[in-house]
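As structure tokens, the structure follows; a few thoughts come after it.
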Amino acid sequence: MMRGNRIFLTCFYWAFVLYVFIPLILMITMGFKDSKFIGFPIRSWTLDWYASVFSNTEILSTFGYSVTIAVLATLISVFVGTWIAVLLEGRKFWGRMVIMGLTVMPALVPGIISAIAFRIYARLLGIEPGMGAIVWSHAVHTVPFVALVVMARLSTLPKSQIEAARDLGADPLIAFVRITLPYLIPAIIGASIFCMLISFDDFVRSFFLGGYEPTLPVLIFAKLRSGMSPEINAIATVALVLTAAIGIWAERFTRRMNKDS
Amino acid sequence: MTLDTSTATDARSGDPKDGGRSVWARLATWTPYHAMMSLVTASPRRQFLILAIFPIIWVLTQHLGPMLQMLRVSLTDAYPVAPGVEQNLTLDNYARFFADSIFMMPFFRTLVYAAVFTFCTLIITYPVAYFLARHVSRKNQMLMLLLLLTPFWVGEIVRTYAIMILLGNTGALNLALKWLGLIEQPIPFMYTSFSMGVGVVYLTALYMLLPLYSALEKLPKSMNEAAADLGAGPWTRFRRVTLPMSIEGISSGCTLVFLISTGFYAVAVLLGGPSTTVFAETIAGFFHVAGDQWPTGAAFATIMFATALLITGVFQMIMKSLRKGDLT
């Protein structure tokens, strides 16, 4: 019985792996199809779609635009998220749970509702739709992730090190910059990459807060609505390789850093 | 990690000669900085306030603000306000929702879809999480989990597109079924609730898998062994030990997936059809046309959010009482 169970579960796991990977593999192969029509079977192969993507300045500038937004949003969100984490971790004060709840809220609001709430608020703040608005909404959306990751790391910081620094005459700010911050670096780098990927992949906020210039997911969405073409597969594959590579690297990096210290 | 203690010692002894002293030691004894720091750290209370003021302002204005502003706009009759027009408070936007079945249908469809898709995600990911947590050695666990997580780094739109290619009329699934001789004509999977379901499960599986995995992984193996020693069969062990102990994971996984699936917009547009219009599309519709529809859109979004919160709140309470009932 136990054995049969185990075999069933093993099969189930690998079936799930196939379910997760097959659509992406199909999507990638379709980008090499030598025909304008999406669909199987594929009879002849080509690299032309990739050549046209890399020679299309509009698509390349969209890549740049998305990366710029991701980096700017991440800078803001890491700064704010770390500050919030330092306030919340290991301190007891009145209203702490309220601040904690409000901190994680943007991560829990369903996508469309978050997008239109930001759209309305951007108008109140006087931010026009466009890059600034997207950066701002992505920053607010990713603050919870930074705060949670940094709080987890901060909770393992040996208090004695801070006390030692304070005993030796360091004021709180210097103790923070010289002891706490270096200790948090792995968490901060991990969280930054996570935020960049969330921002780079985000569609719904970029769609509702964007101006005339599309981010990459918005561009793919617009192209999909006007019809499928292997060109979209090529764009999507480039984006996929980029994000998956960064994601895997970040995962390994944070795990190694956590092991070292 | 090494701690450079020499700096702090220097700063304290106030060594008059500057040579060999680090930037930090010089900063600490630099008069304007020193004066500022002693002002800031004069009392623990003041120090705390200075630390707390920015995060509090941020979460109130940036996290709570957009939601409150959405609520406020939903209660007005015009937004953005045109010059020379007076803005009045009204409940008309909410009344509009209840007056027309055109809006009610997508709303209830969204809730039913979200509930069904959440349940499907749970059924599909539970065996996977169980297998990883209970049947795999610790060394392989991380690797096998990472294997599953890798595709989730890829964005929402790209993965939705991948599902479109899988399910299309000339897609891989229809080709495979034809090749197996099961069908003659391609089955139109696309633009139905089935294609949306496949898409939503594909996008949200991770958010279910991780809470389930961490709940199941914490479960001590000895508990199952004890149950087995007392004569419980595999099914009883699962029902009386494993399932109750993983309720926490089920509860948070389902809450996450439910909230996420009520908010999907791109999936509904790309994988759904005219018969599967969800509320996200209805809400979005008010923001694509003229600005005077914004209050209605805001009201509808508020209704959606409040309902989703209510449902997940009740669900969590039920789960909590289930857990207590089983353990005592």
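Contacts with chain A were tallied for B:Thr160, B:Val158, B:Thr255, B:Thr302; B:Val158 has the most, counting heavy-atom pairs under 4.5 Å. In terms of heavy-atom pairs under 4.5 Å with chain A, the best-connected choice from B:Asn169, B:Val198, B:Leu71 is B:Val198. The candidate with the highest count of non-hydrogen atom pairs below 4.5 Å against chain B, out of A:Thr10, A:Ile99, A:Val204, A:Leu197, is A:Thr10. Put simply, of B:Gly155, B:Pro151, B:Gly168, the one with the most heavy-atom pairs under 4.5 Å next to chain A is B:Pro151. Per-residue heavy-atom pair counts under 4.5 Å with chain A were compared for B:Trp153, B:Tyr265, B:Phe264, B:Phe305, and the maximum is reached by B:Trp153. Options A:Phe200, A:Phe93, A:Phe194 differ in how many heavy-atom pairs under 4.5 Å they form with chain B, and the most are formed by A:Phe93. The greatest number of non-hydrogen atom pairs below 4.5 Å with chain A, out of B:Leu309, B:Leu167, B:Ile163, B:Ile124, is found for B:Ile124. Among A:Val143, A:Ile113, A:Val17, A:Leu108, the residue making the largest number of heavy-atom pairs under 4.5 Å with chain B is A:Ile113. Of all the listed residues (B:Ser261, B:Ala162, B:Gly297), the one sharing the greatest number of non-hydrogen pairs under 4.5 Å with chain A is B:Ala162. With chain B as partner, the option from A:Leu24, A:Ile220, A:Ile84 having the largest number of non-hydrogen pairs under 4.5 angstrom is A:Leu24. Listed options A:Leu125, A:Val80, A:Ile25 were ranked by heavy-atom pairs under 4.5 angstrom with chain B; first place goes to A:Val80. Most heavy-atom pairs under 4.5 Å with chain B, from the set A:Ile28, A:Asp201, A:Ile22: that is A:Asp201.
For the atom pair B:Met70 CE and A:Leu124 CG, the distance stands at 14.0 Å (nearest 0.5 Å). To the nearest 0.5 angstrom, B:Leu149 atom CG is 10.5 Å from A:Ile248 atom CD1. Distance check, rounded to the nearest 0.5 Å: OH of B:Tyr161 to CG of A:Leu240 gives 13.0 Å. Taking CG of A:Leu173 as the reference point, atom OH of B:Tyr33 lies at 4.0 Å (rounded to 0.5 Å). Rounded to the nearest 0.5 angstrom, B:Phe287 CZ and A:Ile112 CD1 are separated by 8.0 Å. The structure places CH2 of A:Trp14 at 5.0 Å from CE of B:Met144, a figure rounded to the nearest 0.5 Å.
Every salt bridge (Lys or Arg N to Asp or Glu O under 4.0 Å) that A:Arg205 has, sequence neighbours left out, goes to A:Asp202. Among residues two or more places apart in sequence or in another chain, the side-chain contact (heavy atoms from CB on, under 4.5 Å) test is passed with A:Arg225 by A:Phe221, B:Val269, B:Leu270.
With a 4.5 Å cut-off on non-hydrogen atoms, A:Ile232 touches chain B through its backbone and its side chain both. Using a 4.5 Å cut-off between heavy atoms, B:Met37 touches chain A through its side chain atoms alone. Contacts between B:Tyr207 and chain A at a heavy-atom distance below 4.5 Å are absent for every atom of the residue. Heavy-atom distances place no part of B:Ile53 under 4.5 Å from chain A, backbone and side chain included. Only the side chain of A:Arg91 comes within less than 4.5 Å of a heavy atom of chain B; its backbone N, CA, C and O stay farther away. Of the atoms belonging to B:Ala205, it is side-chain heavy atoms, and not backbone ones, that fall under 4.5 Å from chain A. Looking at A:Val98, neither its backbone nor its side chain comes within 4.5 Å of chain B, counting heavy atoms on both sides. Interface remark: A:Phe176 contributes no atoms to any contact with chain B (heavy atom separation under 4.5 Å). Only the side chain of B:Ile283 comes within contact range of chain A, with heavy atoms under 4.5 Å apart.
Closest approach of A:Tyr13 to B:Leu148, counting heavy atoms only: CE1-CD1, 3.8 Å. Across all their heavy atoms, A:Trp83 and B:Ile50 have their closest contact at CZ2-O, 4.1 Å. Looking at every heavy atom in both residues, A:Met105 comes nearest to B:Leu64 through CE-CA, 4.0 Å. Contact record, A:Ile120 with B:Ala298: CD1-CB, 3.8 Å, taken as the closest heavy-atom pair. Between B:Gly263 and A:Pro110, the closest heavy-atom pair is CA-CB, 3.6 Å. Considering every non-hydrogen atom in both A:Arg6 and B:His135, the closest pair reads NH2-O, 3.0 Å.
A distance of 6.0 Å or more separates the ring centres of A:Phe12 and B:Phe131.
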